[in-house]
Asks: 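Please see the structure below; I have some questions.
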Amino acid sequence: MPDRCEVLPGDSVVARRGGGLLWVDAPGSPALVAALHACLGVAGPGAERVLAAVAGQVSRLSDGPASFALVLADTAAGSGSGVALWSGKGQPAVDGVPVSGSSVDGCTLASGFALGQTLYVGPGQPAASMPPGVAFDLTEGTVPGAGALLQLAVAGPSGVVVPPATALPPAESFTAGSDAGFGSSSRGPVSQPMGQVGESTAFWRPESTAAPVLRFDDGMVVNVDEDLVLGRRPDGHELVTSGNARPVPIADTQNVLSSAHAAIQRTGREVSLTDLGSLNGTHVAGPEATEWTQLEPGVSHPLADGDRLLLGWTVITFEQPAE
């Protein structure tokens with residue numbers, strides 16, 4: 001199974017679910033993004049037919065230039081093969097070598113190619129190694145990105161039984177199954193390997209912790225263990241560049257989010273929300289409220305367990321664990 005997915009920072013969209021990996025740059029074409037995103041859950045012998053059908057709808061669903069690269073990896077029974085569809089500037093590659101395919105309704109379709117050790121989706125041929133500034137180690141979900149490189153785990157020798165890793169008791173796994181509101185989220189039990197370590201990332205599998213969390217409407221969960229800046233490209237905000245906050249990019253196919261939209265600030269158990277002068281405003285509502293309240297820019301608003309945040313079209317629920 002895929003082991004690690006590195007996402008390059010950028011304004012396009014990268015999504016990963018199950019064995020599917022997608023990069024798409026189609027501003028103003030949410031219907032196309034939704035159709036491609038829905039393909040991420042497709043597997044089995046019918047995957048090629050599904051992608052061929054999607055290729056026939058690309059021109060109708062896109063409103064302007066659209067580029068994308070979509071790969072569905074089949075690792076069942078160790079087959080290690082893939083099916084891919086791409087168009088425009090998009091190009092999948094295996095071990096740095098672009099995948100070749102056949103023209104289908106203005107797109108390119110390939111099937112049955114070997115996966116190798118690395119799988120890339122994005123514009124053009126990837127560099128030999130990812131440049132500095134990798135934004136995410138993406139487990140599952142939808143994030144902004146200029147491309148993605150998936151490191152595939154090396155399969156064990158045939159006939160050798162690999163013992164399961166020692167694991168903690170089952171915990172909830174959170175996966176994002178939508179793109180800026182498309183699709184639905186899913187939850188299921190997982191086992192978390194002991195001693196697992198890695199770089200800091202916005203994606204995590206919750207364990208026992210006293211830290212509050214932000215639960216996005218697409219299933220993404222962000223740990224509020226430090227101050228955060230949320231937005232389309234929050235990495236350039238002064239709170240982030242000064243080292244006082246961690247950036248949390250949000251996929252925004254509708255272009256309704258500001259680059260640095262809002263800040264989450266924590267002092268002990270107290271957490272507050274501040275609008276950073278966003279174009280479309282930041283709104284908040286209590287658990288039982290039926291109307292949104294727009295925040296005044298620059299004025300901190302204390303958050304309570306169950307409060308809902310509205311940034312553009314993204315709905316986020318704040319959860320404060322009991323003491």
Side-chain angles (χ1 to χ4, degrees), residues 136-143 165-178 181 184-231 234 239-240 243-251 261-276 282-296 298-323:
F136 293 109
D137 173 9
L138 179 59
T139 301
E140 287 201 17
T142 305
V143 297
T166 304
L168 294 173
E172 278 192 306
S173 168
F174 299 91
T175 63
S178 67
S184 60
S185 62
S186 60
R187 301 185 185 185
V190 298
S191 293
Q192 185 73 8
M194 295 184 64
Q196 185 173 4
V197 295
E199 63 183 289
S200 176
T201 171
F203 300 87
W204 68 306
R205 300 191 183 278
E207 300 174 356
S208 178
T209 176
V213 299
L214 300 176
R215 191 181 305 280
F216 286 65
D217 58 355
D218 65 0
M220 184 174 80
V221 177
V222 175
N223 194 1
V224 186
D225 52 2
E226 59 182 316
D227 291 353
L228 308 172
V229 176
L230 290 71
L239 288 175
V240 176
N244 293 320
R246 185 175 86 233
V248 179
I250 302 173
H261 199 100
I264 298 288
Q265 295 174 301
R266 178 183 177 186
T267 304
R269 285 183 53 83
E270 302 298 322
V271 179
S272 62
L273 170 69
T274 305
D275 180 80
L276 297 176
T282 299
H283 300 74
V284 67
E288 305 300 327
T290 58
E291 295 183 355
W292 294 101
T293 299
Q294 184 170 352
L295 301 185
E296 182 179 346
V299 178
S300 298
H301 175 86
L303 294 176
D305 181 48
D307 280 353
R308 290 164 293 157
L309 290 55
L310 179 65
L311 282 66
W313 294 111
T314 301
V315 178
I316 309 168
T317 302
F318 174 74
E319 298 181 3
Q320 176 74 273
E323 294 186 82

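All heavy atoms count here, side chains included; hydrogens, waters and symmetry mates do not. This one's a predicted model, so the numbers in the text were calculated from it and none came from an experiment.
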Asks: Quick one: closest heavy-atom pair of Pro247 and Val240, and the distance?
Replies: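 Answer, listing the atom of Pro247 first, then Val240: CD-CG1, 3.7 Å.
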Asks: How about Gln294: does its CD atom have over 12 heavy atoms from other parts shown lying under 6.0 Å from it?
Replies: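 Above 12, so yes.
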Asks: Show your reasoning for whether side chain to side chain contact (heavy atoms under 4.5 Å, CB included) applies to Val222 and Ile264.
Replies: CA-CA 11 Å; Val222 175; Ile264 298 288; over 6 Å; no
Asks: Judged by atom type as modelled, is there a donor-acceptor pair below 3.5 Å linking the side chain of Gln265 to the main-chain atoms of Thr274?
Replies: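 Not a single qualifying donor-acceptor pair exists.
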Asks: If you take all heavy atoms of Arg308 and Ala289, which pair is closest and at what distance?
Replies: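 Closest pair (atom of Arg308, atom of Ala289, distance): NH2-O, 2.8 Å.
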Asks: Which one of Val315, Leu311, Ile250, Leu309 satisfies the side chain to side chain contact (heavy atoms under 4.5 Å, CB included) criterion with Phe216?
Replies: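 Passing option: Ile250.
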Asks: What residues, two or more places apart in sequence or in another chain, satisfy side-chain hydrogen bond (donor to acceptor under 3.5 Å, both in side chains) together with Asp275?
Replies: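 Asp275 satisfies side-chain hydrogen bond (donor to acceptor under 3.5 Å, both in side chains) with Ser278, Thr282 only.
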Asks: State which residues pass side-chain contact (heavy atoms from CB on, under 4.5 Å) with Ala304; sequence neighbours excluded, sorted by chain then number.
Replies: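 Counting only residues at least two positions away or on another chain, Ala304 forms a side-chain contact (heavy atoms from CB on, under 4.5 Å) with Asp307.
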Asks: Below 4.5 Å, heavy atoms only, C-beta onward: do Asp225 and Arg246 meet side chain to side chain?
Replies: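 Yes; the side chains approach each other to less than 4.5 Å.
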Asks: So, for Val271 and Pro212, which heavy atoms are closest and what is the spacing to 0.1 Å?
Replies: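 That would be CG2-CG, 3.8 Å.
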Asks: Taking all heavy atoms of Val224 and all of Ala211, pick out the closest pair and write down the distance.
Replies: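 Smallest interatomic distance, heavy atoms only, reads O-CB, 4.2 Å.
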Asks: Which atom names give the shortest non-hydrogen contact between Val284 and Trp292, and what distance separates them?
Replies: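 Minimum heavy-atom contact is C-CE3, 3.6 Å.
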Asks: Please find the pair of heavy atoms, one from Asp227 and one from Arg266, that lie closest to each other, and give the distance.
Replies: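 Minimum heavy-atom contact is OD1-N, 2.8 Å.
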Asks: Within this structure, what is the CG-NE2 distance for the pair Leu230 and His261, rounded to the nearest 0.5 Å?
Replies: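 These two atoms lie 9.0 Å from each other.
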